[in-house]
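In what follows, a single structure is set out as C-alpha cells and then discussed.
Hydrogens, waters and symmetry mates play no part in the numbers below; they use all other heavy atoms, side chains included.
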Amino acid sequence: MLYTQLNSLIVILLFGTLVMLSFIHFANPLKVNRKGNRWFAFFLLLYASFWLEEIAIFIGVGELNVIVSKMVRTLQIFTPPSLYLSIVFYTHPEFKWHKKQWVHLIIPALYFVLLIEYGIFVWSIVVMLFQSLLYIILSYRKIKQHQHKILIYSSNTQGIELKWLEYIVIQIIILFILILAHNIFISSTDLNLFMNAIQLITGFIIAYFSWQQKEIFPVSRAHKDDLTFVNTEEAEEKEKRKLLQDEELEALKEKLQHLMNDSSPFLDSDLNLLKLAELMNISPHQLSYVINAGFGENFYQFVNRFRVERAKELLLDKEENRTVLAVAFDAGFNSKTVFNTTFKKMTQLTPSEFKKQRS
C-alpha cells in the first residue's frame, strides 16, 4: 500500500515537473539558445506524456479512450528525435532543414504502421527501443563534436560546452530504455518506483541547469556568417587548408603576437574568435588558420597560454600577494575551477604548488 501511494505521489510530481519545465524552456525567460530550448521544451512535453495514462487514472478520468491512447503513443515516437534536434540547435543555432533530414521520419512511419494499422503494440515498443538506442548515439556524438569545435571559437568553454546536457542525455535515455524494457517484460501499467524517483531527480537537475544556461554563440546578425565554418563538419579540415601564403602567415603571426603582448586582449574572460579577429582586422576563418598553422594550437589553447603566463607573473608578485581567486580573475579566467584545471594542464602544477615551488 505504502509502495503504491509513494509511487503515485512521485509520478504526479514527475509529470508536473516535466510539464512545467517544458513551459519554462519554451518561454525561455533568459532569452538564450532560443531554438535549442524550444525543441527541448517539445521533448520534455513528449517525455511527460509517458505518464499521462497514470495521471488520468489518478485524477479520476479513468483509462484513456483507445483513439486518444493511440494518438498519444503515436506522438511519443518523436520523443528521441526531438531531443536530438534540440541538441542540433543548441550546437548550431542557424541549422537549416535539408531534404536529407527527412530520413528521421522513417522510423516514426514504421512505428505508425505497426501501431495504428496493425495494432501490434509489442513490436511498436521494440521499434521505439531501437530508435532510442540510435538517437542516444547521435545525441552523444553531436555533443562531443560540439565540445571539440567550441575550442576553435571560445577561450572560455564553461557553461557553453553542454556538459550538463551530456550527463542528462545519458541518464534520461538509459532510464527511458529501462522503462520500455520494464513495460515489455514486467508490466504495461505499473512502473518501478526507483525508476520514477530517478526521473524526478533528473527533472530537478534539468530545472537547475535551465537557469544556469549561457548563450553558446552570443554573436550579432552581422557575425553569423563568420561563425558558419565553426558550425560545420568541415571546420577542422578548413583550418588545415592553406589559406595564406607563408609570408602573409608569418606577418599575421607576428602581428597577433604583438597584439597579445601589448594590448592583452586575453584579459577579457569572454574573448572569442570573432572579437579577436576584429582586433586583427581579418576574418575569423583566417585568424583560426593563423593560430592553428602558425602556433600549432586551437583558439582555446592559444588564449589560455597567455592567461597562464600572466597568472605566473601575478603569483610571483610578492608586493601584491594576491589570492589564487584574485589571480584567476586578473589573468582573464572567469572561475577558480577553470583556472586551476587549465593551469595544471599547462604546467603540471596547481597554482598553489607553482607559487610554493618558486618561492
Side-chain angles (χ1 to χ4, degrees), residues 32-33 90-96 144-162 214-312 330-335 338-339 341-343 345-346:
V32 296
N33 308 315
Y90 275 126
T91 60
H92 190 177
E94 300 308 306
F95 173 79
K96 302 295 183 184
K144 283 300 183 183
Q145 286 176 341
H146 169 74
Q147 290 171 348
H148 176 71
K149 285 189 281 187
I150 202 70
L151 300 178
I152 301 171
Y153 164 76
S154 179
S155 65
N156 171 34
T157 62
Q158 188 178 35
I160 63 173
E161 79 280 47
L162 295 180
K214 293 181 180 179
E215 184 70 59
I216 297 175
F217 298 106
V219 298
S220 64
R221 290 182 177 276
H223 283 146
K224 284 184 178 179
D225 290 339
D226 293 331
L227 192 60
T228 301
F229 87 96
V230 178
N231 286 317
T232 61
E233 298 296 333
E234 300 83 15
E236 193 171 289
E237 287 300 318
K238 285 184 177 181
E239 280 189 322
K240 296 176 182 178
R241 296 173 191 168
K242 190 168 183 177
L243 300 179
L244 305 168
Q245 296 300 318
D246 292 341
E247 298 79 7
E248 190 175 3
L249 174 62
E250 285 301 317
L252 287 174
K253 180 181 174 182
E254 185 177 348
K255 179 181 178 181
L256 179 57
Q257 187 73 43
H258 282 305
L259 176 66
M260 298 299 284
N261 291 332
D262 299 339
S263 302
S264 303
F266 57 85
L267 295 180
D268 175 6
S269 62
D270 293 322
L271 183 67
N272 59 42
L273 187 70
L274 305 185
K275 289 182 180 180
L276 190 56
E278 280 191 345
L279 294 175
M280 285 286 292
N281 197 29
I282 58 177
S283 73
H285 194 177
Q286 289 174 321
L287 175 59
S288 185
Y289 177 79
V290 171
I291 293 173
N292 184 262
F295 294 92
E297 298 170 313
N298 59 39
F299 182 78
Y300 180 86
Q301 294 166 332
F302 176 76
V303 173
N304 283 291
R305 176 165 55 82
F306 283 90
R307 289 174 177 165
V308 167
E309 290 303 316
R310 176 60 61 89
K312 288 180 181 178
D330 290 345
F333 292 94
N334 67 347
S335 80
V338 174
F339 172 51
T341 302
T342 306
F343 192 95
K345 188 173 183 179
M346 292 190 174

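- For Lys255, the salt bridge (Lys or Arg N to Asp or Glu O under 4.0 Å) criterion is met by no residue, not counting sequence neighbours.
- Inspection of the Ser335 and Gln158 side chains reveals an N or O donor paired with an N or O acceptor under 3.5 Å.
- Put simply, the side chain of Met260 reaches to within 4.5 Å of the side chain of Leu276, judged on heavy atoms.
- No donor-acceptor contact under 3.5 angstrom links the side chains of Tyr90 and Asn33, judged on distance only.
- Here CD1 of Ile150 is found 11.5 Å from OH of Tyr300. Values are rounded to the nearest 0.5 Å.
- Other residues, nucleotides and ligands contribute at most 12 non-hydrogen atoms within 6.0 Å of the CD atom of Glu254.
- Atom CG of Asn281 sits in a sparse spot, with 12 or fewer heavy atoms from other residues, nucleotides or ligands closer than 6.0 Å.
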### Message
Set out, in order, the CA-CA distance, both residues' side-chain angles and the distance that settles side-chain hydrogen bond (donor to acceptor under 3.5 Å, both in side chains) for Thr342 and Arg307, then state yes or no.
### Response
CA-CA 9 Å; Thr342 306; Arg307 289 174 177 165; over 6 Å; no

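- The backbone N or O of Phe333 lies less than 3.5 Å from no partner atom in the side chain of Asn156, so there is not a single donor-acceptor pair.
- Atom-to-atom distance recorded for Asp270:CG and Ser154:OG is 7.5 Å, nearest 0.5 angstrom.
- To the nearest 0.5 angstrom, Leu273 atom CG is 9.0 Å from Ile152 atom CD1.
- In terms of modelled atom types and a separation under 3.5 Å, the side chain of Lys214 and the main chain of Gly159 share no donor-acceptor contact.
- Considering CD1 of Ile291 and CG of Leu252, their distance stands at 11.0 Å, rounded to 0.5 Å.
- Other residues, nucleotides and ligands place no more than 12 heavy atoms under 6.0 Å from the NZ atom of Lys345.
- Nearest heavy-atom pair, Phe339 versus Ala311, reported as atom, atom and distance to 0.1 Å: CE1-CB, 3.5 Å.
- At least one side-chain heavy atom of Tyr289 sits less than 4.5 Å from a side-chain heavy atom of Leu249.
- Atom CG of Leu279 is separated from atom CG of Leu256 by 10.0 Å, given to the nearest 0.5 angstrom.
- Residues Phe299 and Ser155 come closest through the heavy atom pair CE2-N, 3.5 Å.
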### Query
Checking side chain to side chain contact (heavy atoms under 4.5 Å, CB included) for the pair Lys312/Phe343: CA distance, chi angles, key distance, verdict?
CA-CA 9 Å; Lys312 288 180 181 178; Phe343 192 95; 4.0 Å; yes

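- For the pair Lys275 and Glu278, the salt-bridge criterion is not met [side-chain N within less than 4.0 Å of a carboxylate O].
- Between Phe295 and Phe302, the ring planes are tilted. Angles from 30° to 60° get that label.
- In terms of heavy atoms, Leu271 sits closest to Phe266 at CD2-CA, 3.9 Å.
- Between the side chain of Gln147 and the backbone N or O of Glu161 there is at least one donor-acceptor pair closer than 3.5 Å.
- Within the model, atoms OG1 of Thr157 and CG of Asn304 stand 8.5 Å from one another, a figure rounded to the nearest 0.5 Å.
- Side-chain atoms of His146 come within 3.5 Å of backbone N or O of Ile160 as a donor-acceptor pair.
- Pairing each heavy atom of Asn334 with each of Ser269, the nearest pair is CB-CB, 3.9 Å.
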